[in-house]
Amino acid sequence: QAYGKAGRSTQQTNIGGNIFNNFTDQDNSATTETNLYVYSIPANTLSATGDAVILDFSSTYIGSTSNKEFEMYISQNETYDTGAVNLAAGGTAQLRTRITRTSSTTAEIETQLQTTQATTFNYANHSDLANLDFTTAILINITGTASGVGAATGDITARSLIAKWEGGAL
């Protein structure tokens with residue numbers, strides 16, 4: 001299998017392979033917006049237009065009357081927010097985000113959330129970010145909040161975050 005560096009970063013990867021894995025469980029904290037996972041895409045990973053990082057985030061949530069909310073920040077810009085969603089039955093939520101460099105200072109962000117509710121909740125979003133510096137690390141924050149009646153610590157548990165790198169067209 002071919003391998004090399006992700007972009008011009010120091011991060012080694014198989015072509016199209018993982019550059020980061022985290023399988024440490026992290027619970028939300030009461031009714032406060034809680035960092036479930038924080039990850040920094042290494043500097044120069046998105047070194048050419050078309051280079052992309054795909055983030056796969058998995059979590060579970062308990063069955064309760066509380067609302068659950070998932071948010072994502074890229075370089076401190078909120079790029080995704082479900083709003084408070086009533087996920088009364090327990091289940092799994094999976095968030096997939098693709099960050100594609102579109103110029104020397106911009107990126108396109110495509111995000112989709114799916115849950116295992118009886119009526120599947122599917123929320124997709126597109127955003128564009130400007131004024132990015134790809135020669136420095138790009139900070140990713142995925143947060144979770146439980147709110148409303150019965151909200152408590154542990155309503156949301158982050159299970160994994162996997163980042164994959166894809167090089168742009170040659």
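The closest donor-acceptor contact from the side chain of T135 to the backbone of N44 lies at 3.5 Å or more, if one exists at all.
By the 4.0 Å N-to-carboxylate-O rule, R98 lies close enough to E166 to be salt-bridged with it. Under 4.0 Å is where a charged nitrogen must lie from a carboxylate oxygen, and between R101 and D51 no such pair does.
Annotation for L95 and I142: closest pair CD2-CG2, 4.2 Å, computed over non-hydrogen atoms. D25 and Y37 get closest at one heavy-atom pair: N-OH, 4.4 Å. Between T145 and E33 the shortest heavy-atom distance is OG1-CA, 3.2 Å. Scanning both residues, A30 and T153, for their nearest heavy atoms gives N-OG1, 2.7 Å. Here the closest heavy-atom approach between residue T116 and residue G91 is recorded as OG1-CA, 3.3 Å. When every heavy atom of A146 is checked against every heavy atom of A152, the shortest pair comes out as CB-O, 4.2 Å.
V53 is listed as a side-chain neighbour of L46, based on a closest heavy-atom distance under 4.5 Å. Within the 4.5 Å cutoff, side-chain heavy atoms of L129 are placed close to those of I74.
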Applying side chain to side chain donor-acceptor pair (under 3.5 Å) to S66 and S64, what does each step give before you reach the verdict? CA-CA 5 Å; S66 70; S64 72; 2.8 Å; yes
Y80 vs Y123, test: ring-ring contact (aromatic ring centres under 6.0 Å, His included). Steps then yes/no. CA-CA 10 Å; Y80 184 80; Y123 182 77; 5.3 Å; yes
List the steps, then state whether side chain to side chain donor-acceptor pair (under 3.5 Å) holds for D155 with N28. CA-CA 7 Å; D155 280 4; N28 71 294; 5.3 Å; no
Given T24 and N22, is the side chain to side chain donor-acceptor pair (under 3.5 Å) satisfied, shown in steps? CA-CA 6 Å; T24 304; N22 186 340; 3.2 Å; yes
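Under the 4.5 Å side-chain heavy-atom criterion for grouping Ile, Leu, Val, Met, Phe, Trp and Tyr, I99 is not connected to I162 through any hydrophobic cluster. Both I138 and I109 are part of a single hydrophobic cluster, where members link through side-chain heavy atoms under 4.5 Å apart.
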